[in-house]
Amino acid sequence: MISIEGVNQFYGSTQTLWDLDLEVAEGSITCIMGRNGVGKTTLLKCLMGLLPIKSGSLRVGDTDFARLPAVARPRSGVAYVPQGRDVFPLLTVEENLRIGLGSRRDKIREIPQQVFELFPVLNDMLSRRGGDLSGGQQQQLAIGRALVLDPQVLILDEPNEGIQPNIVRQIGDVVLKLNKEQGLTVILVEQKLAFARRVGQEFRLMEKGRVVASGNMDLLSDELVNRHLAV
Amino acid sequence: MNKLPIHYFLSLVIAVFGVVYSQQSAAESSTPNPSVTLAELSEPLVGANLRKMPALVERLELEAGTTALPVLEALLAGELYYQRSDKRLVRAVSQTEGGFQISDVFSTDALGSVAKKQIRKVKLNNALRVQLRAAIGRLTLLSDDPKLRLTAIENMLKKPDQANLELLQQARAQETDSDIVDLLNEALALNLLIAATDRQPRLQALRELEGSLQPAVRNALQALVALDADAQPLEQDIVVFTSASRLLDKIDGKLGFYAFLETLFFGLSLGSVLLLIATGLAITFGVMGVINMAHGELIMLGAYTTYVVQLLMPNHIEYSLLVAVPAAFLVSGLVGILIERSVIRFLHGRPLETLLATFGVSLILQQAVRSIFSPLNRQVATPEWMSGSLEINSIFSLTYNRLYVFLFALLVFVLLQLILKRTTLGLNVRAVSQNRSMAKAMGVKTDWVDAMTFGLGSGVAGLAGVALSQLTNVGPNLGQAYIIDSFMVVVFGGVGNLWGTLVAGLSLGVFTKFLEPATGAVMAKILVLVFIVLFIQKRPRGLFPQQGRAAE
Amino acid sequence: MTAVGAIGSDYAALPGVADRAKELRQGARVFLFILFAITTLAAVGNLLFEPDSVFHVSTYTITLLGKYLCYGLLALAVDVVWGYCGILSLGHGAFFALGGYAMGMYLMRQIGDRGVYGNPELPDFMVFLDWEELPWYWLGFDQFWLALIMVALVPGLLAFGFGYLAFRSRVVGVYLSIMTQALTFALMLAFFLNELGFGGNNGLTDFKEILGYDLQKDSTRVALLMLSALALGAGYTVSLWIMQSKLGRIIRAVRDDETRTRFIGFRTEHYKIWLFVYSAVLAGIAGALYVPQVGIINPGEFSPLNSIEAVVWVAVGGRGTLYGAVLGAVLVNYAKTRFTAVWPEAWLFALGALFVGVTVFLPDGIVGWVKARWLQVKGQAS
Amino acid sequence: MSLSEDFRQSMPRDQLWPFLIEKQPPAVDASKNILLYVEGLSVSFDGFKALNDLNLYINDGELRCLIGANGAGKTTLMDVITGKTRADSGQVWFGQTLDLFDRDEAEIAALGIGRKFQKPSVFEAQTVFTNLELAMKVNKSIFYGLLSRLGSAELDRIAHVLETIGLQGQESMLAGALSHGQKQWLEIGMLLIADPRLMLVDEPVAGMTPQETERTAELLTSLAGERTVVVVEHDMEFVRSIARTVTVLHQGAVLAEGSMQEVQNNPEVIEVYLGEGH
Amino acid sequence: ADTIKVGVLHSLSGTMAISETTLKDTVLMMIEDQNKKGGLLGKKLEPVVVDPASNWPLFAEKTRELLSQEEVDVIFGCWTSVSRKSVLPVIEELNGLLFYPVQYEGEESSKNVFYTGAAPNQQAIPAVDYLMNELDVKRWVLAGTDYVYPRTTNKVLEAYLKAKGVADKDIMINYTPFGHSDWQSIVADVKKFGSEGKKTAVVSTINGDANVPFYKELGNQGISAEDIPVVAFSVGEEELSGIDTKPLVGHLAAWNYFQSVESDENDEFIAKWKKYIKDDKRVTNDPMEATYIGFNMWVAAVEKAGTTDVDAVEQAMIGITTPNLTGGTAVMNRNHHLSKPVLIGEIQADGQFEVVSETMGVVPGDAWSDYLPGSKDIVADWVTPIRCGNFNAKTAKCSGQNM
Ligand SMILES: Nc1ncnc2c1ncn2[C@@H]1O[C@H](COP(=O)(O)OP(=O)(O)OP(=O)(O)O)[C@@H](O)[C@H]1O
Ligand SMILES: Nc1ncnc2c1ncn2[C@@H]1O[C@H](COP(=O)(O)OP(=O)(O)OP(=O)(O)O)[C@@H](O)[C@H]1O
Ligand SMILES: NC(N)=O
Ligand SMILES: [Mg+2]
Ligand SMILES: [Mg+2]
């Protein structure tokens, strides 16, 4: 479903992604892992068009993402939950959720009830400004906001950062459920092994801007973890 | 109220006094002298020098009576000319395409058009106009047209003159229209008050003048209560003196009240101008965060659009503003979009630099206007319905242009609120300004939103320009004159809050106008600025601040 | 201009700290060398060479240069607060003008009885408007030392008062900018008032001499130019020293995240007030040097547009680089001088386009662009 | 007395003029072994009670973990302690004698209360080195800033901290160019170098790899004793590895307090926070 | 040099461009005309135009540039007094020659400047006389923009009115800032002041852009010229071309020239102007006439002196006469000011003025007002033996000259 080939990316004159290749199968949950600063976030931003790439190809389904302007990418069914949440601080929770409505392909202009079922706290705080929420609440809002887009592909960058344990579980359940019931393809950047193992089906290990190991989650051995994730 | 008996009594008293005081005027009363024709009477007007004119006009009034009206009116209107060739008096009206349309003054027969060289104007000046208006007033006091009568009486009321007394009485006897009767009574009572020496009639007159706000009445009363050098009343009759001063107090109380209303209106109207010029900026600067130094020039473009619209429809000035409003919105809006697409969009994330670039843009726009329209101010006509004022009473009136601008400002504000609240544009633009890349990642067409929003803000600036064209100069400096004020209003109200802009604009206007009488215009402005600076210390984010964790 | 000591905000990795300090020192030397080389050459050219010599530098050029250097110092003052501390002052012209007025008052008093009404006490405009005696705030301005103190004290005090109120109340960002604008606007209106005793719209003019030296003599002009260069050089050196010290890093920290700075224990408002006052004093000195060279000070100098222009010079030159600010001031004003003579009818197009062009195409100003080019060339060379 | 005598007296060689003597922050009195008192603290935003009559006591030298649901008020509590947010009622004392409500952020920081923010906040436009230099515990007056040069002891300390946070070799990088996790480390480094008496650490291991988490745990444990540390975390494994006393906040008030064991088995805590399976 | 350079120092941008651009065009037209006639002393005239951009220090800089870089032989320029004040030291230092074409407050006479606009005694006093005698005005509002010209004029007028027995309470003085645009309160005050029974008039020294909103407000608040006439000293045809004048008919202005004056010179001038500027609607105004007179006088003086040398031309200027545009003759007096007729005109619906009063003969411009205590003893006389712009007749001393 998603195929990334030979991507090179630079911040100014420093190269962050080096000839990076990555495949994600349709309907899978793929977990991208790697130490701090190896370029996970950078990769996702390139995929979303928030960073320009120097060369390489990005394909999602039949669409050539490298050619598609960033604003059109959500429209083709890719939703993104950024690291650090990036909620709109001065918009209310409701407004934060409504932002994505314009990009829904089914033209429904209502916030789906599902979001509130998953994160009831959002319903309680509809008229509070996004920036006023606690860190964890913001994270929930960011995920909810992505779900409003009714995506086929969901990209999550460390979605559990700062989330209370029972909700972490719940997020895991949600991801699994969406994947199972709606065939949602999920790309998940995650540092916490336990969560990655529970939710992920595939893993990709990154180092210095390249994918250095990949496979089914069962194959993620302690040896691999030690080699690529330990400091 | 026992007004009716008083009326009767008054008429009686006036009748008695009238006889005495109107003797000499009765002698020269306007019975036209049929032996001399109007044409003959008018003939000396040709080529007369200004010093001779008053006597000529007086003769016309006295000897030709109402038949002289066409001549007098033409003269008053500045349309009385004579042909150089045959010294014939004509009425000449200038034509838009040059030259004059002439007609016979007496018969009103059209005589075709002539060049300016062929005719010469009958001299006229201010003093003569005053005389003419009074004369026409006297001649039309008994006219069939109630409007004319009303104007005539109002005129006489402004300048009480014993010579008019008999005329007024005569009119009073014939008058049926109750409004005019009231006014006539007022005029008669005033004359009586000034003329009479006995206590009773004077008290009656005072009673009759109760509630009158005519400046002439107040002046008469003030004369009555004047004190001499030893602070003793000049007026001998102490009863008259006290009731006059009581009445004066009452009138002054009312005057004070109306003065307050008037100041309030002035303040709101200044405030609405501030609101209008700031509303557009509240969007481009307040919401988008562009420090738009070219805002003033976008206002200016709106004003020039009004000018061009009037050039294009010279015969429909009355409707020109209705066309100018959408046109100015479009012109300024499109220029705004152009600015956004060509300059601002390269400056995302560098809000301070927008100041520099838009400053450059403002210089370019100013010079462009100077090159295209010349550096001179352009003349924008005021439609009839925007001129003059709505008279609430004889001392309180609201000027139409200000009134309409006030309403217009509110209308624009409300429409804008609707657009921002009811369409997704309002939501999207806030999202974009808070986190551009995340908005993109949510599929918001940031480019489009930027262009539309900037266009909207600029378009509203254009609307302000239309309004300003009715209040002030339309010239290349127009924008400069308003840019500082508009920033001040937006910031005072709280950046990003449209309601704040509304409250800030109106309250600063009112505040200024209440200060002005005490301090003078300059000091008021300085004080307002100092006030804003101090106020911001108390509320560092304006009247209506953005609150919450993220705003810090 | 090969100095590359800019403290830019680009995220590219920078060479080591020690290297940077050395580079900065080198940059400073280059800047000071160029500054003094130009002024000395101009001075020599003006005083020692006859008008028909090719080496002659006209008095016109001398006064122009002097004026540019004063603007340069003003730009430096703006850059100190804006480029390094993020305080965008749209009212620095006020400090400049106040310094100018203080000097102007001294110069006015020097006229003595050579004014048109020959009044030894009162300046002409006061005689003319029936002032009976000198208002108290004019007293002592016949003393040069007092005027000098006032040149620094008045802008400094105003900056302190304003800063004390604003920074303690945590007025920041555009609110602060617009308040500085309100400040200078209010002062402009006030100085326009004839009742205030500063000459109203006409301001102070018709100066004759300074410290006994005839203001119209070439030697006096050259001396003023040299003084301006000295002041600019000193202002530059001191500012550079500040910005290189830890204080400078704290100031930049305040610019980048004031709240965070507070949480590591800095009273940020003290730093801001201090820097604001320092900058205002620089601006005041610039104004004081400006007035005897241009021969007039009037309320127009308080005009908010003047202050905005000063900010524009800094941006054109390169914000956050001291010499960039100076360069910007000189270049823009030189452009103005040339344009107003060459295309009197259309020069605003050129100036406007310059501003737009620089912002859009040279985000870090001329200096930033030159620096990037230089790095590129160096990169290719190595 | 002669003028010169006066002069000499006003120019003593052996002491500084009073205004040159730096005001030392008042000493903390923790003689009752309690470093921080939080009593009856309430904070509300537009009617919403973020903290509700909260009482909390932190012992001197303790390492305390603070957990609680998202929105329970943990960050708000830190905001109040550090002077960022004003409380509606209640009091916060630092030791026996210092009322924190009288002081602003900078004063509180100078008293020795350091903080790491939930969202990493470092000076992005400055180098890693400068970030540490700025945070270093030194005189924070203007003239000191103007005149001070880094001594070798200070350079050593910076080098030491750089090593601790694993950013050696990257000291001249701009902090803005660091990755998320690296910024977390840098902020911890800034906290270390400030050498505070009380450290408030808000979610230090968010975005860290398991190994880094472990290292952070070690670091924090080693700090306790000499310093007092309050840690907020949602990573239970991490909390378990460092915790001695755990306080659970819920809806702005303390729900439970005790050892990790006790808290973990508290049904209410399980219900509102942990969920099944912990 | 093979040409004679003429500097043109008028703002083409900034706030004053509105007024000054016209004068630049006028000078250029005059130069073109003169060149068609064969130039001057056998040489062509070459204009050097610069833009001092309404910025007073820039005026000084540009003057220096014109004199020392371009080496012009004469400068036509300035509008505001402050610009002239700024230029003055430079002109005197470099011994240049400036023709200043705008009505101003007086109290100045420089060897290097010729003042071809009106002094206060050539505008204000005759206007007030007219109001007093012809319109029987008893109460006076002196309204002006707050700068030196209105301040002086009003001071002169106040002294004059009081000398004529007008009481303090019958004089209202009001100052507003440049570009003042909200006149509601002030006009309302004037209206009240005027409704107290005595004939009232406004003497307006309101400058430039502030006039349009002022007159609009007058019209809208229903104050007609018959109620309270306004006589203005800074409102000419050009200012009126930006206003809808129908509600203003009858208000007055005092100048030394109106476009509507009928004379052959004027007809020719107007025709030439319209042709030059390629706009049939463009108007002429008083400062243009002052420029015209100044230019012609300079040409005559250069011819008389046979050189463009400033000292020679300066002396030659004194006593030069040229026809003015109103059918009379302008004379340059020893104080560097002109003798001019004073005309009072009423605004017409077409934006022109109709002359309603005219002084008998010409009035010589007074550099130092007789109505101000500080200056009544001072005279300007640039003929030997005095040769001084501010000679105190009492102390027989000459003060304040930059030379
Ligand atoms: N804006 C930027 N400018 C320059 N360099 C950057 C920028 N953002 C990130 N980098 C660098 O790019 C590298 C990859 O960063 P990225 O944020 O993609 O890492 P990551 O794998 O997501 O790390 P983490 O797990 O900490 O989130 C890092 O070394 C970082 O220093
Ligand atoms: N300025 C504010 N305006 C409105 N509500 C606020 C504001 N600040 C905090 N809140 C609310 O107060 C509550 C407590 O927030 P706080 O950030 O202290 O939670 P927390 O315990 O730190 O949560 P997390 O673990 O998710 O970081 C939240 O519900 C939040 O929405
Ligand atoms: N001289 C003038 N009108 O300023
Ligand atoms: Mg990341
Ligand atoms: Mg928190």
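Quick note on labels: first sequence line is chain A, next is B, and so on, each numbered from 1. Only this structure's heavy atoms are used, side chains among them; waters, hydrogens and symmetry mates stay out.
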Exercise. Under the side chain to side chain donor-acceptor pair (under 3.5 Å) criterion, do Glu161(A) and His234(D) qualify, and how do the steps go?
Worked result: CA-CA 8 Å; Glu161(A) 228 182 76; His234(D) 290 294; over 6 Å; no
For this session: Evaluate the criterion side chain to side chain contact (heavy atoms under 4.5 Å, CB included) for residue pair Asn226(A) and Gln211(D); output intermediate values, then yes/no.
Result: CA-CA 9 Å; Asn226(A) 273 333; Gln211(D) 280 72 15; 3.6 Å; yes
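Using a 4.5 Å cut-off between heavy atoms, Gln170(D) does not touch chain A at all. For Gln137(A), the parts lying under 4.5 angstrom from a heavy atom of chain D are both the backbone and the side chain. For chain A, the nearby part of Val272(D) is the backbone; its heavy atoms alone come within less than 4.5 Å. The contact between Asp235(D) and chain A is made entirely by side chain atoms (from C-beta outward), counting heavy-atom distances below 4.5 Å. Looking at Met125(A), the atoms closer than 4.5 Å to chain D (heavy atoms on both sides) all sit in the side chain, from C-beta outward.
Chain A is approached within less than 4.5 Å, heavy atom to heavy atom, by Asp46(D), Phe48(D) from residues 46-53 of chain D, ordered by number. For a heavy-atom cut-off of 4.5 Å, chain D lies close to Gln191(A), Lys192(A), Leu193(A) in residues 188-211 of chain A. Along residues 36-53 of chain A, the residues that come nearer than 4.5 angstrom to chain D, judged on non-hydrogen atoms, are Asn36(A), Gly37(A) in order of number. At a heavy-atom separation below 4.5 angstrom, chain D is approached by no residue within residues 171-181 of chain A.
Considering CG of Asn166(A) and OH of Tyr273(D), their distance stands at 8.0 Å, rounded to 0.5 Å. Taking CD1 of Ile163(A) as the reference point, atom CD of Glu203(D) lies at 9.0 Å (rounded to 0.5 Å).
Under the 4.5 Å side-chain criterion, counting only non-hydrogen atoms from C-beta, Gln139(A) is not in contact with Asn70(D).
By the 6.0 Å contact criterion, CD on Gln182(A) is enclosed, its count of non-hydrogen atoms from other residues, nucleotides or ligands being greater than 12. The number of heavy-atom neighbours closer than 6.0 Å to CD of Glu163(D), taken from other residues, nucleotides and ligands shown, is 12 or below.
For the pair Gly71(D) and Ser134(A), the tightest heavy-atom approach, listed with the atom from each and the gap, is N-OG, 3.0 Å.
Among the candidates Lys74(D), Gln184(D), Gln118(D), the residue making the largest number of heavy-atom pairs closer than 4.5 Å to chain A is Gln118(D).
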